[in-house]
Number of protein chains: 2
Amino acid sequence: MLSNLCDTLGMTAGGLRARVRAEMTEEIKATARRHLATDGANLSLRAVARDMGMVSSALYRYFASRDDLLTALILDGYNALGAAAEAGDATVADRADLRGRWLATCHAVRTWALGTPAEYALLFGSPVPDYRAPQDTVAAASRTPTTLIRILKDGFDAGVITEPPADGVPADVRTDMARLRDRAVPDLPEVLLARGSMGWIQLFGAVSFELFGQLDNVVEAREAYFGYQMGQVATAIGIPE
Amino acid sequence: MLSNLCDTLGMTAGGLRARVRAEMTEEIKATARRHLATDGANLSLRAVARDMGMVSSALYRYFASRDDLLTALILDGYNALGAAAEAGDATVADRADLRGRWLATCHAVRTWALGTPAEYALLFGSPVPDYRAPQDTVAAASRTPTTLIRILKDGFDAGVITEPPADGVPADVRTDMARLRDRAVPDLPEVLLARGSMGWIQLFGAVSFELFGQLDNVVEAREAYFGYQMGQVATAIGIPE
DNA sequence: TCAGGGAAAGAGCAGTGCTCTCTAAGTAGA
DNA sequence: TCTACTTAGAGAGCACTGCTCTTTCCCTGA
């Protein structure tokens, strides 16, 4: 996207100008991320500019609008979360330990969310009014669920996870799952993918519930509750003990 | 809260003045709700006032701040959602049809959310920065989950739903669940409540996922997918077919 | 009838996103 | 090396925001 912008502005890639421009863009995003932590989604362009010792209008040389800046942050956020999930999965040395991998990935997602709640809210919270996420984000957004599904795939390939009976999976849902499967993880039964996607939703729900304050005055043992949930989900999906 | 305000302003309850004041308050909330639908959480006090043919400062006679107005809307929202859930549960004539009641309640929640997405986002979306939900809301907020848990309670009392084995429910989670149980549904095993709360979280996750756009370009058969999920959850909790 | 108090208006403050114009500075080509 | 061009940034300005303060109007209870 950045190189795209450079092209439209007629800059030669690799030039010194382009490099300082890229550094500047990164610095703006970094300060914006910092403001995001305190001000939430309604961060102020002017405040970001002030923090960098420049005037607000100067930011418009780098981001066409506030929404554009948010989009860049969202994209970075999806990638950061995806990387965290992948790293979590990778911590389990025994690749055949499916449950361990599942739980490690889930906990990694939660840890990332707790560490950067504002960014998580930006990704998964209430959408900003009249803001449409560009298509670029879908690839980055699918990194985390793909990490989860890949665990199922490994288990299925190894014959440890078996295809559950297609009890009551509606036909059109199977169609959706089949399309999704072909796009991301070929050769995985739709029914298994349907259960896997449910697990992803439960993970998202659990993290959002905790982060958005719905657990306040209700559940104190947050991490234990989370771990218990994810274990139950793993069992429901068919990941052996 | 309103009567509280009236008291502090020294108004006699039941007076004419108090009545027009209450009507005015309702009208403000109604217009605010209308604006909420288009502008999301960042609705404008001035716009609301303009819509009512008055000046912005006049609104401050009724709500001390924008946050106060939002709080009132949140409270109303929780109650509206709770009422919808209860009504959904009540549509099932055969009270012994636990699965039917569970699904009806879930679908009622989803329908309410799809009908008033902005209000749902206000309740369950990313929290507004430096806004603290007052204690008043917790009672209203618990109406919906209580409706769900009551179904489990009915099933447990009837001996249709049995207490699941406490396999791997951490001790501190049991403590949380016990406290929650004593507060809302006495005589329900903690383990069952733990599973029930998971169902509530999955319901919330599914609705939020759909409403916040995470299902875009992924799942088309929204209602079928939702119904499938809630059926699976019911089974996982132990609600018989 | 009349004082007290609540409702509304209006000006004003500090802040916002965004646009426009203008200047300074760097870059490439002859 | 000089020139034509592009870019970064500054600053003013527009329309908007939440909120406060003061002033005016009018209803109400005694």
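The model shown is predicted, which means the values in this text are computed figures rather than measured ones. Here is how names work: the chains are called A, B, and so on, in the same order as the sequence lines, proteins then strands, and each is numbered from 1. Side chains included, hydrogens not; waters and symmetry mates left out as well; all remaining heavy atoms used.
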Residues at least two apart in sequence or cross-chain that pass side-chain contact (heavy atoms from CB on, under 4.5 Å) with A:Pro117, listed by chain then number, are A:Leu211

Residue pairs passing the side chain to side chain donor-acceptor pair (under 3.5 Å) test with at least one member in residues 109-127 of chain A, sequence neighbours excluded, are A:Arg110-A:Glu210, A:Tyr120-A:Ser208, A:Ser126-B:Ser126

Which protein N or O atoms sit under 3.5 Å from an N or O of nucleotides 19-23 of chain D?
residue, atom, partner, partner atom, Å
D:dC19, OP2, B:Tyr60, OH, 2.9
D:dC19, OP2, B:Arg66, N, 2.7
D:dC19, O5', B:Tyr60, OH, 3.2

Residues at least two apart in sequence or cross-chain that pass side-chain hydrogen bond (donor to acceptor under 3.5 Å, both in side chains) with B:Glu223, listed by chain then number, are none

Which of A:Arg34, A:Arg33, A:Arg46 passes salt bridge (Lys or Arg N to Asp or Glu O under 4.0 Å) with A:Asp51? Answer is A:Arg34

- Can you tell me if the side-chain N/O atoms of B:Arg21 get under 4.0 Å from OP1 or OP2 in C:dG6? no

Taken to the nearest whole Å, CG/A:Asp39 to P/D:dG18 is 17 Å

B:Phe63 atom CZ is separated from C:dA7 atom P, nearest whole Å, by 13 Å

| task | Give A:Leu59 one of three labels, base, sugar-phosphate or nothing, depending on what nucleic acid heavy atoms sit under 4.0 Å from its own. | result | nothing

Exercise. Could you tell me how the ring of B:Phe124 sits relative to the ring of B:Trp200: parallel (under 30°), tilted (30 to 60°) or perpendicular (over 60°)?
Key: perpendicular

side-chain contact (heavy atoms from CB on, under 4.5 Å) filter on A:Ala37, not counting sequence neighbours, yields none

task = Would you please confirm or rule out a distance under 4.0 Å between OP1 or OP2 of D:dT17 and any side-chain N or O of B:Arg50?
result = yes

Quick note, B:Ala47 side chain, CB onward, closest among D:dT17, D:dA10, C:dG10 is D:dT17

Atom CE of B:Met54 and atom P of C:dG10 are separated, to the nearest Å, by 12 Å

Rounded to whole Å, CZ of A:Arg19 lies from C1' of C:dG26 at a distance of 15 Å

Considering every strand and a 4.0 Å limit on heavy-atom distances, what is the contact class for A:Leu43: base, sugar-phosphate, or nothing? sugar-phosphate

Tell me whether the OP1 or OP2 atom of C:dG17 has a side-chain N or O from A:Ser44 closer than 4.0 Å. yes

Residue set satisfying side-chain contact (heavy atoms from CB on, under 4.5 Å) with B:Ala178, at least two apart, ordered chain then number -> B:Arg181, B:Glu190

Problem set entry | Any A:Tyr62 side-chain N or O less than 4.0 Å from OP1/OP2 of D:dG9 | yes

